[in-house]
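Throughout, numbering of the chain's residues begins at 1 and tracks the sequence. These figures come from a predicted structure and were not determined experimentally.
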Amino acid sequence: MRFTTECALSGALLTLTAPALLFAGAVNANTENNNPQPGFQASDYYQLVSVSDLQISEDGRTIAFVKTQVGDDKRSRNSSIWLSRDGAEPVQFSRSNSDFAPRLSPDGQRLVFLSGRDNGTALYSLSVNGGEAQELVRLEQGSLQSAQWHPNQTELLLTISLDPSITEPLKKADNQDDKPDVTVITDAVYKRQGGYLSSNRSGLWTYNLVEETLTSLTGDSEWHEGSASYSPNGACIAFASNRHPQAREGYFSSSIFVRCGDEERELATPQGHSSSPVWTGNQNIAYVYRESNYAAPSLQLYDLRNDSYRELAGQMDHSPNDLQAALGSLWFTADDRGSRPLFRVDLDLGGYQLIAGQGQSLSSVSFAQTGAIAWISEDEVTPGQVMRAHSIASLRDREVALIAQFNRDYLDSTQRQRYEVFTTENERGDRLDVFFLPPLNREEGKQYPVVLNIKGGPGGMWGHQWFPEMQLLSARGYAVVFVNYRGSSGYGHDHASQVRLDYGGADYRDNIFALDAALDRYNWLDPDRQFITGGSHGGFLTNWATTQTDRFRAAVTQRSVSNWISEAGTQAFPPLSMIEEFGGSIWQNYDYYWGRSPLKYADRVSTPTLIIHSNHDHITPIGQGEEWFYALKANRVPVELAVYDREGHGLSRGGRPINLVDRLERIVEWFDRHQ
């Protein structure tokens, strides 16, 4: 692996031009008078706006993106499409409150998008100059997932989720009223977050814009097809699919396929998991490869002319996201020590370089053929905002423009704080970056409580992202400590691998090392008022921590695991996945499953605990929270169980706003109650 830092920008992503500076992460902390501005409150969530799904036109003149805000009922979210022309302030383009997934035509004159208007999701087209939206495709069976323009603009490539036996998705199905309400399960992969899986498969279709006809390419496939794209000349389509004989048993595999006309072939990629195919020319396809689920990723380049491939970057310490080809290079974003910056891959020399984004999290990076770039950036004090640069050179010279920040009034009137970051070591001598947020408006000479906040995963990463839970705790008088413990991404493959077969070991110790380091570093933290919370894997570690120590005054465990034996048999991951992650089945490695289950040691717990769970959670099903509640009740530990109806595993990010806000309030109230 070759990895170099080409442009390491500390702190904020860039120094912005003057008009943008105010809204690019500046923190309003004016406390010169006796009435300092307030910090984040849970109900502030209702007024915040988010942006997503950005695309810049090939000529660089138009930027399209989705703006989302909370509905008046506080239970829904409204989304609309906005456009910015030639760097001007964006204007609302679509008028429905359920429009999303905008895709600009190659000439930049039209836009297709999905919309939930008129009772059901359909595909629409609209001139960028305005007018009435034209409905193109409305399915009576199945669901539209994505659309992509053909280079000559005569057709669209659609991904549609549909039962393979259905040949005419535009027609209604036969009357279903006389059929029983039963789901028959035969595959090991039988559910996901959201419920039981249907027999639908994600297949590829084309829609001819001239003839207004929908044609199946792989719609009758028994496998899922995804990541599809046209070659630059439009003659072929590349896509990824897991067609391994044990695919429905959860086998970790994926292959790249190329379809030219009616001919389809599987590329002779190495055995394992090849995904995210990207055309770098009409005869070359780049893709991400992993030999196994726990192997480091690499980037490969396949030559269709001689059916050969070569390695562009091997044994990568970064996992590429949103891989794309533009301006003669490959580009991706990846977790990197708390940031999510942009990386460039040299197609001739190989290796990859960090271009920009330290101290920020970048998403929806989009390139124009002219060299212009647009993206969404966020950090711990600034919700997502739309940015633009004329070129990579402009990006390096920090000459960028802010296109949209819909939260500027809120940011002007509210105090937020950037994270402090310091380092400590674990027992192996590994460097740990400890993130720390002090209480807002801290007074000298006063001691403050501290919250250890443990992220989920164990993959993924805490860092420079807009995550208002931290700012809420700070505004309510708590210091917050968090760390990307072993198992997290962004710190190299070895770091991410350390937690495998050691749940409750390396991950737990790193969190305690971080908390102890903060207590040693800041003498104004009150050692008698330590609190703990976490969600998913962080919820498991919260439970685990209270079986190992009584140092915490109170705990809030969210969407947690309490019993790995019952978790294995009821959650969405199939036996093959659990066997690989836990070193065998329950019967082969029972002592590990049970020995790393907090439930085994529940009689040691004395920490007052609030359990937050959702009854539609299929990643850590509701039984995990109920078992923990039963155990603590049986052992006379102060405990409450808050169950959110019809919410899933993602309550803290995408749950109904009214429930998301209530969850935030309950966390702080529980800690307040036990000070």
side-chain hydrogen bond (donor to acceptor under 3.5 Å, both in side chains) evaluation trace for His224 with Asn242
CA-CA 7 Å; His224 291 285; Asn242 181 1; over 6 Å; no
Please lay out, stage by stage, how Asp336 and His318 fare under the test side-chain hydrogen bond (donor to acceptor under 3.5 Å, both in side chains).
CA-CA 7 Å; Asp336 180 67; His318 298 82; 2.8 Å; yes
Step-by-step side-chain hydrogen bond (donor to acceptor under 3.5 Å, both in side chains) determination, Glu647 to Asn659
CA-CA 9 Å; Glu647 295 288 1; Asn659 294 335; 2.8 Å; yes
Begin from the C-alpha positions of Asn635 and Asp603 and carry the test side-chain hydrogen bond (donor to acceptor under 3.5 Å, both in side chains) through to its verdict.
CA-CA 6 Å; Asn635 287 286; Asp603 57 347; over 6 Å; no
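Both tests hold for Arg521 against Phe422: distance to the six-membered ring centre under 6.0 Å, angle to the ring axis within 45°. Judged by a 6.0 Å distance limit and a 45° cone about the ring axis, Lys455 is not positioned over the six-membered ring of Phe482.
Under the 3.5 Å distance criterion, the side-chain polar atoms of Ser474 are matched with a main-chain donor or acceptor of Leu440. Panel note: side chain Thr549, backbone Ala545; no donor-acceptor pair is recorded below 3.5 Å. Using a distance-only test at 3.5 Å, with no hydrogens or angles considered, a donor-acceptor pair links the side chain of Arg596 to the main chain of Tyr503. Asn407 places a side-chain N or O within 3.5 Å of a backbone atom of Val49 that can act as its donor or acceptor partner. Ser339 places no side-chain N or O within 3.5 Å of a backbone atom of Pro341 that could act as its donor or acceptor partner.
For Asp187, the side-chain contact (heavy atoms from CB on, under 4.5 Å) test picks out Arg201, Arg248, with sequence neighbours left out. In terms of the side-chain hydrogen bond (donor to acceptor under 3.5 Å, both in side chains) criterion, residue partners of Arg290 (sequence neighbours excluded) are, by chain and number, Ser319. Gln675 meets the side-chain hydrogen bond (donor to acceptor under 3.5 Å, both in side chains) test with Tyr478, Arg529; sequence neighbours excluded. With sequence neighbours left out, Tyr593 forms a side-chain hydrogen bond (donor to acceptor under 3.5 Å, both in side chains) with no residue at all. Taking the side-chain hydrogen bond (donor to acceptor under 3.5 Å, both in side chains) definition, one finds that Arg428 meets it with Asp430, Asp494, Gln498, sequence neighbours left out.
For the pair Arg418 and Asp379, the salt-bridge criterion is met [side-chain N within less than 4.0 Å of a carboxylate O]. Of the charged side-chain nitrogens involved, none lies within less than 4.0 Å of a carboxylate oxygen, so that Arg663 and Glu669 do not count as a salt-bridged pair.
Aromatic ring centres of Tyr45 and Phe40 lie farther apart than the 6.0 Å criterion allows. In this structure, Phe467 has its ring center under 6.0 Å from that of Trp462. Taking the six-membered ring where the residue is Trp, the centroids of Phe582 and Tyr592 are separated by under 6.0 Å.
The one candidate from Thr609, Thr620, Asn543 that meets the side chain to side chain donor-acceptor pair (under 3.5 Å) condition with Ser560 is Asn543.
Here ring-ring contact (aromatic ring centres under 6.0 Å, His included) pairs that include residues 625-660, with residues two or more places apart or in two chains, number zero.
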